[in-house]
Each structure stands twice: as C-alpha cells, then as structure tokens.
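Below you'll find the structure, written out as structure tokens, and then a few comments.
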Amino acid sequence: LWVYIMSGLTEFEKKEFQAGFKLLDKDGDGKISFDDLSTQLTALNFDYTNQQMLDLIYVATGKKDGLIAWNQFLGRFTHKDQGELEKEISTAFEIIAGEDGVNISKYGLKDFYEKLGFKATDEELEQIMDMAGTNGKLSKDEFIKMLHV
C-alpha cells in the first residue's frame, strides 16, 4: 500500500507529507503517539478531550495502540475526497491566518511555526512566501495553489 500511495505523488508532495509527519512526531521516534498529537493539537489551540484524540488515532490507523506510523499517516491523508480536503485546508488557513482571517503574513506563518516548536528564520519564511508567488501576504487561493490542491 505504501509504495502504491507514494508512486502517485510528486516529489514535492512526498516532501510536504514527510514534513507534516515530522511536525507531529515531536519526539522523532518515527511514530505519532498520543503524547505527540496532544502536544501539537494543544499548541494549535484545539480543545480535544483525551478520548477524541484517541479516536483520531483510531480513525487514522484502525488500531487502538495509540500510534500512527508513517504509512498509516500517508494513507489517511492521501485518500481524502475533495470536499473533506477543502474543509481541512480552510481550517488550516484560518488557524495560520489568525485574527486577520484574510491573508497569511510572514509573521503569522512564523507564529504558527513557533507554536509547533520550530524556529524559522526570516529568510526561510521569505522563501516560502516567494515560492507561493505572493507579495508578502498569502491569500487563501494562493495557499491552496501552493499546496497544489
């Protein structure tokens, strides 16, 4: 299954999914644990109960061991229907855009990275904004285009 999923992705998409997995795998053990997920969702101001987080893990894996492996993560996120994907992208955009809600600024992006425990330099942030072809503000349409959705 993992080889099949990976074969349908561009190199950019593979790297994006790997980066997303690494963001959630806080302890770097190659699996997203309950603690990893809890830490990241709390940092993003999501108010999930322990049971809701266990349910998220179960939906992603079909198992009750509390761990999400790379192939399970990839399989979960590459089999979304377009409506579900658009809803998740909208939610992500709103979280990163913050109070503005209309555009993601370089500083909004920096704040988002810091909430996840990552430090991004101004140069790295400018590269991301340049990659998206923006004028320093990333609209929802540009955000979607950057994600190649």
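Heavy-atom basis, side chains included; hydrogens, waters and symmetry copies ignored.
Closest non-hydrogen pair, F73 versus F17, comes out as CE2-O, 3.5 Å. When all heavy atoms of L37 and M53 are compared, the closest pair comes out as CD2-O, 4.0 Å.
For the side-chain hydrogen bond (donor to acceptor under 3.5 Å, both in side chains) test, no residue two or more places apart in sequence or in another chain qualifies with E123. Judged as a side-chain hydrogen bond (donor to acceptor under 3.5 Å, both in side chains), and not counting sequence neighbours, S38 has no contacts. With sequence neighbours excluded, the residues forming a side chain to side chain contact (heavy atoms under 4.5 Å, CB included) with D65 are K63, L67, listed by chain and number. Partners of F93 under the ring-ring contact (aromatic ring centres under 6.0 Å, His included) rule, at least two apart in sequence or in another chain, are F143. By the ring-ring contact (aromatic ring centres under 6.0 Å, His included) test, Y48 is found to be paired with F46, residues two or more places apart in sequence or in another chain being considered. The side-chain hydrogen bond (donor to acceptor under 3.5 Å, both in side chains) search around K22 returns none, not counting sequence neighbours. Every residue two or more places apart in sequence or in another chain that forms a side chain to side chain contact (heavy atoms under 4.5 Å, CB included) with D29 is listed here: D25, D27, K31, D36.
Atoms NZ and CD1, from K64 and I57 in turn, are 12.5 Å apart once rounded to the nearest 0.5 Å. Taken from CD1 in I32 to CG in L23, the straight-line distance is 9.5 Å, to the nearest 0.5 Å. How far CD of E142 is from NZ of K137: 11.5 Å, rounded to the nearest 0.5 Å. Once rounded to the nearest 0.5 Å, the distance linking CG of D122 with CE of M129 reads 11.5 Å. Interatomic distance, CG of L109 versus CG of L138, reported as 8.0 Å (0.5 Å rounding). Remark: T121 OG1 to Q127 CD distance equals 7.0 Å, nearest 0.5 Å.
Applying the side chain to side chain donor-acceptor pair (under 3.5 Å) test to residues at least two apart or on different chains, the pairs with a partner in residues 101-110 are K106-E126.
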